Amino acid sequence: MTITDQIQTDVVVAARSGDRRAISALVTDHLPLVYNFVGRMLGRHPDVDDVVQETMLRAVRDLPALREPSRFRPWLMAIARHQVTERHRTRHTVVSRTAPFDEELHEPDPATDFAGVTVLRLDMSVQRRQTAEATLWLDDDHRETLALWWLEAAGVLTRAEVAESMGLSVAHAGVRVQRMREQLDVARTIVAALAVPARCPGLIAALAGWDDVPGALWRKRLARHLRECDVCGAAGKSLVPTERLLAGAALIAVPIDLQSRIAVLGKAPSAGLPVAKLAAAGAAVVTAAAALLFLIDRDPEQPPAVVAAPPSPVVAPSVAAPPSPSPSVAAKGITTTTITLPAPFAYRIPGYSGKQHSRRTPFAIAPNGTAWLAWLAADGTNVHVTPLGKDLKRRGDDIVVPGREASGLIAHDDGFALLTRRADPNGNTFGDSGAYLIRYRDGKPAWTSPLTDAGTSTPMLVGDLAWNGTLYGAYFAVRDESGHFGDRLAYRNAAGKPVSGGWDWGCSHNTGIALAAEKKTPFASVCANDWKDGLFLNTGIGFPRPGAARLDHEECVAGYCGEPFGGDGGSYSNLVRFADGRYLLAWQSRGWSRTSPDPADDYGYLVTARWKNHNVAVTSLADKDSPAVPLTTDPSTRAIRYLTSTAATDHVNVRVGRLGTEAFVVWDQVAVSGCSAGVCDGRYTGTYGQVLTAAGAPRGKARKLDVQVGGDLAPLADGSLAWPFVDKAPDYRSRGKASPTTRTITIAIMKN
């Protein structure tokens, strides 16, 4: 017996005698194990939480009857198996076909628990994703085996514990595992064969009549074809052994609300207490337990967050002082510095619908650590670019650039590049302004590159600017002579000369864009399209023709998608790139309750919004060309994670930035007084922030900030995150009012 095993045994012995601290330790340390097992057994079934709670209640109740404390884990897993079986028997349900392995690869969605997993936790290879799909083809009686074997492969259970949990000998359990693995290997080969773009004629014939739903019957039919077809059968020969894909994988974290419900078991008398009374005690004190044990300092309308840390090791009971209240993020590491402006700044702007939001204030960090801040003076004719030092305090006078919008900014060691618009000397049908990229070096204009021509104009840029060290990419809205809106992506070299690539007319009916630099063109780009009704990953494509990856079904008539994604002020840091090539996209979404192909359009959709208000949505991209999880027409799709999911509160001004190796999403919260035409009015109730993993999973919990966000979120060299804002509460109660002005802008710095 190892030292760790002996410590666990000592804890079990103490708990068996009624020690409440020991009971609490057992419950806390084994809850992730039970949650992962039950979740993989039940999949999408809504009773996962209830079964986990019943399992822990019965384990605490029956603990005095456990004769061998060293066998606590297999004893606990046997209870969990029995509870799952009982739930099936009493509810006359069947196990959902949600893949157990698939759920391991995703973080749980706080709104829909284990079944709502949405974003890949790891930088998944193709074979990992295909293995996740392959589990959908397994027989139901192999789900239990896979759930336990996963825990073994992940290093959580031993083979002996797996066998004892199943009530089998080690040899018999090995046979069960081997049969399951053989079936899983067949399913993986099927998925690999289906993924080949040019399927063999025999496979196409074998699929005749298939309803696209994986299952045992179709696995058996397709398996016969695989055995006879050298082409399809070869797809399985290069597969990495499944245990290598599973080895060392961490447990899915338990939602904090379930932790709160279970945590009371260590607070109430346990030995001999009936399950009904324990359940009642848990229900009665769940709110207090959540407050005392987890200190969730979030708005009550915010959904519970997921604690992403792995389970703690078993430790001997000890007396712990009650935790102190958790301070806000601002008090835990956000510092601010205020900059005085030489001219008034009108910091609010009406969007497409007249609803005000923060005017774009581009903010960028140079390689040497200095920074630049761009803002449009209240007269609407000049853009001020303010130089900042490494401490993000003013280090000189503003450079004033004639322009009507500050829509993108790149900071260089010797100056900056600005995306703006000016009166078009070429003229155009509507007398609109034209788009320009302007480079300043050592305080003086180095070059000016026009980005539009006589055939197009830009009354509002709604744009963004990216730089990869060699090329600039400028992405902005354009209007043609008919009045129709689209978008343009133009590349320029370091001297401002045009470079091939991009497009002149891309996301038709464009209502919002996002751009991020890549080492090579094309840069990653996303557009919101009101004709095709959705958000599209249109990297290198321009127009979202068939083949473009759809990221969201969204009713995207101008203003409906939510601002600032689609607002006049620009894209506002909606897309963030990580060093490994993954991306996160964040936006405010009305979701959808129903969507279907538009019979009048070969690629459009008819979308019915889920909410009148907006909630905070994120999705993960595997790279610049593909989403991590493909979007489906099912509203419960795993492709999108909703960080909020309430119908009573509006969530706007959503932005995302890179915080070290993770991400930070922020949004304004509004108490709704009324919604119409896709836009809500109401009282501002605070700005909230949520740390996410690079895969989009919540890290800890969302917290109310002591600062706001009004400009781009820019990462610093030390992994911190900085952004500008005007330190005045926004007014979301009405539309179309004249913007207030200010003479100060504050820079916030959030330490990593």
Side-chain angles (χ1 to χ4, degrees), residues 1-17 22-42 48 51-88 100 104 141-181 243 246-247 249-252 254 262 265 270-271 275 310-316:
M1 179 180 293
T2 66
I3 295 176
T4 300
D5 291 337
Q6 183 60 57
I7 291 174
Q8 176 181 278
T9 300
D10 292 342
V11 174
V12 174
V13 171
R16 193 174 56 174
S17 65
I23 294 172
S24 180
L26 280 183
V27 169
T28 300
D29 293 328
H30 289 83
L31 179 59
L33 177 66
V34 174
Y35 177 70
N36 277 258
F37 174 74
V38 173
R40 288 175 175 79
M41 287 281 288
L42 291 179
V48 170
V51 172
V52 171
Q53 181 167 333
E54 289 173 9
T55 298
M56 304 309 290
L57 287 169
R58 291 181 181 275
V60 171
R61 183 197 66 178
D62 297 341
L63 191 57
L66 177 61
R67 295 181 179 180
E68 298 182 45
S70 61
R71 298 171 61 186
F72 174 77
R73 283 198 299 182
W75 175 78
L76 178 63
M77 300 307 294
I79 294 175
R81 289 181 57 246
H82 177 73
Q83 290 304 310
V84 170
T85 301
E86 284 298 306
R87 188 55 54 109
H88 285 322
E104 183 276 321
D141 60 2
H142 280 309
R143 293 191 176 279
E144 176 186 322
T145 305
L146 178 59
L148 288 168
W149 182 63
W150 179 90
L151 294 170
E152 177 191 341
V156 180
L157 294 178
T158 65
R159 174 58 63 88
E161 289 173 327
V162 168
E164 188 171 350
S165 300
M166 299 171 67
L168 303 173
S169 66
V170 172
H172 194 179
V175 172
R176 286 271 190 93
V177 169
Q178 183 59 33
R179 289 174 179 172
M180 180 275 298
R181 290 180 57 185
E243 59 268 27
L246 287 170
L251 296 177
I252 292 177
V254 183
I262 301 298
L265 297 182
S270 57
V275 170
S312 58
V314 177
V315 295

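Numbers for residues simply follow the sequence, beginning at 1. Here the structure is a predicted model, which is why all the values come from computation and not from measurement.
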Q: Check R16 against L66 and note the closest heavy-atom contact, atom names and distance.
A: NH1-O, 2.5 Å

Q) Listed by chain and number, what are the side-chain contact (heavy atoms from CB on, under 4.5 Å) partners of T55, not counting sequence neighbours? A) V34, V51, L76, I79, A80, Q83

**Q.** Heavy-atom pair with the smallest gap, counting every atom of A15 and A22
**A.** N-CB, 3.4 Å

Q: May I have the step-by-step check of side chain to side chain contact (heavy atoms under 4.5 Å, CB included) for L63 and W75, ending in yes or no?
A: CA-CA 10 Å; L63 191 57; W75 175 78; 4.1 Å; yes

Q: Could you name each residue pair satisfying salt bridge (Lys or Arg N to Asp or Glu O under 4.0 Å) that touches residues 154-163, not counting sequence neighbours?
A: R73-E161, E152-R159

Q: State, with a plain yes or no, whether a side-chain heavy atom of V177 is found less than 4.5 Å away from one of L148.
A: no

Q. If we only count heavy atoms from C-beta on, is the Q53 to L57 side-chain gap below 4.5 Å?
A. yes

Q: Could you tell me whether a side-chain N or O of T28 sits under 3.5 Å from a main-chain N or O of A25, the two making a donor and an acceptor?
A: no

Q) Out of M166, Q178, R179, which residue meets the side-chain contact (heavy atoms from CB on, under 4.5 Å) rule with T145? A) M166

Q: Please name all residues satisfying side-chain hydrogen bond (donor to acceptor under 3.5 Å, both in side chains) with R71, sequence neighbours left out, ordered by chain then number.
A: E68, E164

Q. Between CZ of F37 and CE of M77, what distance do you get to the nearest 0.5 Å?
A. 4.5 Å

Q.
Return the CG to OG1 distance between L151 and T158, rounded to the nearest 0.5 Å.
A. 11.0 Å

